[in-house]
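The next block holds one structure in the form of structure tokens; read it before the comments.
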Amino acid sequence: MTKTWNQKSERQVLGRAPLEQPAFLPMSKKEMDELGWDELDILFITGDSYVDHPSFAASLLGRWLVAHGYRVGIIAQPRWDKTDDILAMGRPRLFASVSAGAIDSMLAHYTAFRKKRHDDAYTPGGKAGARPNRATIVYSNLVRSAFPNIPVVIGGIEASLRRITHYDFWTDKLRRSILLDSKADCVVYGMGEYAMLHLAHILDQYGETSGTPFSYIAQEVRGVAYMGTREDIPPQAKIVELPSHEDIEADGKQLMTATLTLERHVQKADEWAIQPVGKRAVILAPPALPLSEEEMDELYGLPYAKTQHPSYKEKIPCVDMMTTSITTHRGCGGGCSFCSLALHQGRRIASRSKESIMREVEALTRNKRFNGSISDVGGPSANMWQAYCKASPEKCKRQSCMYPKVCPQFTVNQAEGIMLLRDIQKIKGIKNVRVASGVRYDLAQKEETALRAYTMEFTGGQLKVAPEHICDGVLNRMRKPGLASFEKFLNAFKQYSEQAGKEQYVIPYLMSAFPGCTDNHMHELGNWLRARGWQPQQVQCFIPTPGTVATASYYARIDEKGDEIFVARSDAERLRQHHILIPSVGHKNSKASRGKRSAYTAKQTNAKQTNNKHDSGKRGSSRFSERDSKKRSRQSQRDPQSGQGKASPFSVNKS
């Protein structure tokens, strides 16, 4: 076994002698034989098709483990009524890894109004239904049937956000940690490169049949959760207590306490956490540390094929977009209350070097399928590349680096990001470069040259931004900047677009039915849009996905401070708010009115007026509904039915 230290990250690097990287990771016994592999060390089961691209965890983690000496195979979208597909490559030597895929399986199947989706961008031919509901649980139990007593490790966005007690929108109930329903040995939560490598290394040493309890094995590993007792936490560890599952069931407000505590656990990254459930407990090791620049370069520099596995006869819709996009970094300093990014990837930014990014672009130009256009260069927010905190994140008590204002300790040279884009544009074979992942507009305003360049050089007619709303009361609960910041951005975007001689559009993400948002808030948003001649065609209805602060608000009907708030819980209330902006949703061939237009008179809104910080939604707010019925994940796909994430004709030149 090799055992070295990465001096810059101060992280122990574990593994065996690297294996030669195959053209594709094997999906069949025949492909294993062609590689000369008589057995696998680790088997990945995923709810996505196999696209050999770093945007897919099975590909990224699989190649990472091969680079550290472990033989990895992939079973993609197996049938779930029998074990035949799972058995295809035999029993793996160390463990099986299970993931629902790049998107939560329930989000993949249902819209915000619980209507069945008819397509899936991660499946050949775009066909829906290739993965089951609650895929992590189904696949895990399938593996248990196929390979009794094998260690099962679950991960990905679906498992990661369900690691403790969580609210389930689709059944309108609380559910225990996914560890219990899946019967998995552990959850790898967050970004899992070193957790997976460390588990492989330990199991390689102990051996699958050693009889060593997994709760003991996992004590050495960051970024995992497992079932155990308080005695399964290492001695002298700092421990943070989460409300028990039973306490949360008895008092819904405790879900907010648990969610905020978990958020703090991820940010500090130096404590263990424990949540009692029955006579046992969910034990959470400290989160994995972000990868260093050198580690990010190594990971994204692996020889991904950047296309779908050749066994597929039909095209996988997401491939074209993925193969022309470049990931520059991970993590998001935003900490928005409805977003899972900070809980999953963390608020600390892990960036690749410029040299690594340039090498990937140059390799892309040699691909015969590449047409010269790069659709995106960025990450969760394109303008956070190379950002870092000058202070100590362990001591920081802020819930967001961006709210209520951009923290002075959050440091990023956006001019360097612009220079990166310009240098990519100069590479032979590159026709144009775009930033499709969107920019954080409040951060962009901190550096005028960057905002000017994004607008004049790297906006392909449309720039995505996420104001979400315009009422300060709602924005505060979202942890988003106020309306004044958005209007200042719009004025600058219009000015720079005119200077460039371009008619360009802002594509805003807007949201209805957010916890604390009343019908009056939606009327004010509608009036603000109409006063500018803007006609929103797509709006996201809030989806309470597991693990977020906004979801805890939705369930408990309280804000972060514990104060009661109005929450649109019934289908009627949610649709009513949505219809104020999008009257046709839910009504076939509807030409219904936009709601009660007389609630507010259209008025001119400018930075001076918004400095009053008024919260008009407090006036005449709707009564609570007793008819509770029964989903938003921004690192995942936007909701097609409710319309978030697609182009809207919001031209800055119309205002």
Side-chain angles (χ1 to χ4, degrees), residues 24-28 31 43-62 72-86 88-89 96-112 114-143 154-160 170 304-325 369 375 543 545 631-646:
F24 287 88
L25 298 172
M27 292 183 69
S28 67
E31 291 174 56
L43 175 64
F44 278 79
I45 297 95
T46 175
D48 293 330
S49 302
Y50 174 27
V51 179
D52 196 59
H53 189 280
S55 295
F56 292 83
S59 306
L60 180 135
L61 294 172
V72 177
I74 295 177
I75 300 293
Q77 297 184 325
R79 290 169 292 178
W80 59 90
D81 59 345
K82 58 179 71 175
T83 59
D84 296 23
D85 292 347
I86 303 293
M89 290 188 281
S97 173
V98 170
S99 169
I103 185 170
D104 184 296
S105 61
M106 300 304 287
L107 277 170
H109 288 167
Y110 301 102
T111 71
R114 294 176 288 111
K115 303 295 184 183
K116 194 86 176 198
R117 298 188 192 274
H118 302 296
D119 56 6
D120 185 338
Y122 298 92
T123 299
K127 300 183 183 75
R131 72 187 98 204
N133 286 347
R134 309 190 191 283
T136 303
I137 295 172
V138 174
Y139 291 156
S140 296
N141 285 287
L142 203 61
V143 170
I154 60 177
I157 194 76
E158 181 167 288
S160 182
W170 298 274
Y304 304 96
K306 301 287 182 72
T307 190
Q308 64 192 53
H309 190 275
S311 64
Y312 295 117
K313 305 304 180 188
E314 295 181 278
K315 194 168 186 177
I316 300 170
C318 68
V319 169
D320 286 343
M321 178 189 72
M322 297 278 190
T323 53
T324 59
S325 66
R369 301 185 302 272
S375 61
I543 302 172
T545 51
K631 170 184 154 272
R632 165 174 177 213
S633 177
R634 282 252 302 287
Q635 35 192 289
S636 40
Q637 291 192 137
R638 301 276 179 169
D639 185 339
Q641 167 150 347
S642 53
Q644 183 176 352
K646 295 183 181 178

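It should be emphasised that the depicted structure is a prediction, and the values quoted were computed from it without experimental measurement. Just so you know, these numbers use all the heavy atoms, side chains as well, and skip hydrogens, waters and symmetry mates.
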Which pair of heavy atoms, one from [X] and one from [Y], lies closest together, and at what distance?
{"X": "Ile103", "Y": "Ala108", "result": "CG2-CB, 3.9 Å"}
{"X": "Ser105", "Y": "Ala135", "result": "OG-N, 3.1 Å"}
{"X": "Gly129", "Y": "Trp80", "result": "O-CH2, 3.4 Å"}
{"X": "Pro26", "Y": "Val72", "result": "CD-O, 3.3 Å"}
{"X": "Pro317", "Y": "Ala121", "result": "CD-O, 3.4 Å"}
{"X": "Val143", "Y": "Ile45", "result": "CG2-CD1, 3.7 Å"}

Worksheet item: Among Thr83, Ile75, Asp85, whose side-chain contact (heavy atoms from CB on, under 4.5 Å) with Leu142 holds?
Response: Thr83
Practice prompt. Could you point out which residue of Thr324, Asp320, Thr323 forms a side-chain hydrogen bond (donor to acceptor under 3.5 Å, both in side chains) with Ser375?
Written response: Thr324
Worksheet item: Quick one: do the Thr123 and Gln77 side chains pair a donor with an acceptor below 3.5 Å?
Response: yes
If you measure from [atom1] on [X] to [atom2] on [Y], what distance do you get to the nearest 0.5 Å?
{"X": "Ser49", "Y": "Glu314", "atom1": "OG", "atom2": "CD", "result": "10.0 Å"}
{"X": "Ile316", "Y": "Phe56", "atom1": "CD1", "atom2": "CZ", "result": "7.0 Å"}
{"X": "Met89", "Y": "Leu43", "atom1": "CE", "atom2": "CG", "result": "5.5 Å"}
{"X": "Ser311", "Y": "Glu31", "atom1": "OG", "atom2": "CD", "result": "6.5 Å"}
{"X": "Cys318", "Y": "Gln308", "atom1": "SG", "atom2": "CD", "result": "8.5 Å"}
{"X": "Met106", "Y": "Arg134", "atom1": "CE", "atom2": "CZ", "result": "4.5 Å"}

Going by heavy atoms in the side chains, are [X] and [Y] under 4.5 Å from each other?
{"X": "Phe44", "Y": "Ser97", "value": "yes"}
{"X": "Met322", "Y": "Val51", "value": "no"}
{"X": "Tyr50", "Y": "Tyr312", "value": "yes"}
{"X": "Asp52", "Y": "His309", "value": "no"}
{"X": "Lys306", "Y": "His53", "value": "yes"}
{"X": "Pro132", "Y": "Tyr139", "value": "yes"}

Fill in: Salt-bridge contact Arg131-Asp48 (side-chain N to carboxylate O under 4.0 Å)
yes
